[in-house]
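Remarks on the structure that follows.
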Amino acid sequence: MSKTVLLLAGDGIGPEVVAEAQRVAELVAPELVFEDALVGGAAFDAEGDAISDETLARAKQAGAVLLGAVGGPQWAENPRDKRPEMGLLRLRKELDVFANLRPAYCFGPLVDASSLKPELIEGLDLMFVRELTSGVYFGEPRGIETGADGERCGYEMSRYTASEVERVARVAFEIARGRSGRVVSAEKSNVMESGLLWRQEVTALHEAEGEGVELSHILADACAMELVRAPKQFDVILCGNLFGDILSDAAAMLTGSIGMLPSASLGAPGVPGLYEPVHGSAPDIAGQGIANPCATILSMSMALRWSLGMEAAADRLKQAVSTALERGARTRDLGGDLTTRQMGEAIISAL
Ligand code: IPM
Ligand code: MG
C-alpha cells in the first residue's frame with residue numbers, strides 16, 4: 001500500500017489549511033511521504049490548466065490525495081474548461097471516486113456555535129453519501145447558446161444510469177451497516193426522471209442486497225427542511241451530486257461551522273481516495289492565516305482510515321481535534337481568535 005500523500009493545496013485558504021494538516025499528520029504518521037502539486041487557479045496561472053495531465057497521473061499513483069480548496073474571483077471569468085473548479089471535477093472524474101462521504105458530526109464543545117438550539121444538535125452524527133462523478137455536474141449536452149430569436153440560454157443534462165446509482169447506493173448500505181443501519185435516500189422523483197430512476201434503482205438494490213439496512217425515501221426539498229427541523233432523525237443520507245452538494249452545506253452549519261466538515265471521496269478498491277474539506281477557498285480571508293484548519297485535519301484523519309490503512313493514527317487525530325476544542329481552542333469562525341497556526345498547535349499539543 002502506497003504511503004504517499006499527494007497534497008493539492010489549491011487556492012485561497014487552501015495552502016494555509018493544508019500546511020497545518022501536513023504538520024499534524026507528520027507527527028501521527030511519520031511513515032507518510034508527502035508530495036505536492038498544483039490544482040485550481042494556482043495550476044491555471046503556472047501551468048495553463050486547472051490540473052495538468054502530469055498531476056493527474058501522480059494522483060493516480062498516490063496512496064491518497066489531500067486537496068485544500070479551489071477557486072477565487074480572479075478566475076471567475078475564465079472560460080469554463082479553464083475554471084479552477086474544473087481541476088477538481090476532472091480529478092474526481094479521472095480517479096472515478098464516485099462515493100463522497102461527508103460526515104456531519106457535532107463536537108460537544110461546539111454545540112453553542114450552531115445557529116440551532118443545543119438540544120437539536122447535541123450528539124448529532126450523520127453521514128452523507130453523495131454521488132460525485134455523474135448527475136447534472138457532468139451530464140451532456142451542456143452549454144450557453146444564443147437561439148434564433150437572439151435570446152441566450154444556458155442548459156445541462158441531469159442524467160443517471162442504473163449502474164451509477166447502484167454502486168453509490170451499495171456504499172451507503174455498507175456504511176449504514178457499520179452505523180445504525182438506517183439509510184434515507186433523497187431525490188426529486190416527483191419532478192425529475194433521473195430522480196425517479198434513482199428511487200427505483202435504490203429500492204431494487206435494497207430488495208436484492210439490503211439485508212440489515214432500513215431504507216426510506218424523501219424528496220430533497222423536504223430533506224432540507226427536516227435537516228434543520230430535526231436533524232438527529234437522520235443517520236445515512238444518500239443523494240445525487242447536486243442535492244448532496246447543497247444538503248451537505250446546510251448540514252455543515254448544524255455542526256457549528258463549515259470549517260469543521262471533512263470529506264472522503266472513494267472509488268473502487270485500490271483507487272486512491274480524494275480527501276478535502278467541504279468548505280471552499282474563502283477568498284475573503286485568504287492570506288490572513290485565520291482559517292479554521294479542522295476540516296482539513298479531519299479529512300487527513302479520514303485518509304488515514306480509508307486509504308492508508310492507519311486506523312489508530314486516524315483515531316488519534318480526530319481525538320486531538322476533539323480535545324483541543326474541549327480545551328477551548330477556537331478559530332474565528334467558531335467565535336474565537338486563534339490563527340490557523342495556533343489552532344494547529346492546539347491540536348498538536350492535544351495529541
Ligand atoms: C464541494 C464544492 C464543489 C462542488 C465545487 C468547488 C466544484 O462546492 O465540494 O462541495 O460543487 O462539488
Ligand atoms: Mg459544495
Side-chain angles (χ1 to χ4, degrees), residues 8-15 17-18 38-44 49-51 56 59 65-76 78-104 126-139 142 156 158 160 164 168 186 220 223-224 227 237-255 257-267 273-284 286 291-292 294-296 298-300 302-303 333:
L8 300 174
D11 308 321
I13 60 170
V17 292
V18 166
L38 298 172
V39 71
F44 170 76
D49 254 315
I51 192 160
L56 282 169
V65 179
L66 182 71
L67 184 135
V70 294
Q74 61 271 54
W75 304 288
N78 279 17
R80 201 175 68 83
D81 65 323
K82 299 281 183 190
R83 269 186 228 151
E85 290 76 8
M86 280 311 289
L88 176 54
L89 295 184
R90 232 188 118 197
L91 183 64
R92 289 173 177 173
K93 189 75 176 174
E94 295 228 358
L95 289 176
D96 199 20
V97 283
F98 60 86
N100 181 217
L101 313 187
R102 297 191 159 187
L126 54 89
M127 177 73 96
F128 283 91
V129 179
R130 168 191 177 195
E131 199 291 325
L132 199 64
T133 52
S134 183
V136 76
Y137 272 59
F138 293 95
R142 62 193 300 132
E156 49 268 303
S158 177
Y160 269 114
E164 286 168 346
V168 72
C223 184
L227 265 175
I237 300 180
L238 165 66
C239 45
N241 209 340
L242 182 60
F243 295 138
D245 181 45
I246 298 167
L247 294 173
S248 64
D249 261 35
M253 286 317 294
L254 305 177
T255 69
S257 165
I258 196 164
M260 295 303 301
L261 249 75
S263 82
S265 305
L266 309 176
L274 170 62
Y275 299 84
E276 37 174 328
V278 170
H279 63 69
S281 61
D284 54 324
N292 183 353
C294 287
T296 313
L298 292 167
S299 299
M300 187 66 227
M302 291 185 90
D333 56 310

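Only a predicted model underlies this, so the values are computations on that prediction, with no experimental measurement involved. Each ligand, and each atom within it, is numbered from 1 in the order the structure gives. Computed over heavy atoms, backbone and side chain alike; hydrogens, waters and symmetry mates excluded. We count residues from 1, following the sequence as given.
Two residues are said to be in side-chain contact when any heavy atoms from C-beta on lie closer than 4.5 Å; Val70 and Met86 fail this criterion.
Taking every heavy atom of both residues into account, Ser281 and Gly71 meet most closely at OG-O, 2.8 Å. Nearest heavy atom pair, residue Leu227 against residue Leu247, reads CD1-O, 3.9 Å. Residues Ala295 and Leu261 come closest through the heavy atom pair CB-O, 3.3 Å. Across all their heavy atoms, Val18 and Gly68 have their closest contact at CG2-CA, 3.5 Å.
Judged by distance alone, the side chain of Arg142 and the main-chain N or O of Tyr137 form a donor-acceptor pair under 3.5 Å.
Sorted by first then second residue, the salt bridge (charged side-chain N to carboxylate O under 4.0 Å, His left out) pairs that include residues 89-98, not counting sequence neighbours, are Asp53-Arg90, Lys60-Glu94, Arg90-Glu94, Arg92-Glu276, Asp96-Arg167.
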_Applying side chain to side chain donor-acceptor pair (under 3.5 Å) to Glu156 and Ser158, what does each step give before you reach the verdict?_
CA-CA 7 Å; Glu156 49 268 303; Ser158 177; over 6 Å; no
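For Phe128, there are no ring pair (Phe, Tyr, Trp, His ring centres under 6.0 Å) partners, not counting sequence neighbours.
Note on the Mg ion (ligand 2): protein N, O or S atoms under 2.8 Å away count 1, no waters included.
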Check ligand 1 against the protein and report each N/O to N/O distance under 3.5 Å, formatted as atom name, atom name, distance.
unit_1	atom_1	unit_2	atom_2	d
ligand 1	8 (O)	Asp245	OD1	3.2
ligand 1	9 (O)	Arg92	NH2	2.7
ligand 1	9 (O)	Arg102	NH2	2.8
ligand 1	10 (O)	Arg102	NH1	3.1
ligand 1	10 (O)	Arg102	NH2	3.0
ligand 1	10 (O)	Asp245	OD1	2.8
ligand 1	11 (O)	Tyr137	OH	2.5
ligand 1	12 (O)	Arg92	NH1	2.8
ligand 1	12 (O)	Arg130	NH1	3.4
ligand 1	12 (O)	Arg130	NH2	2.9

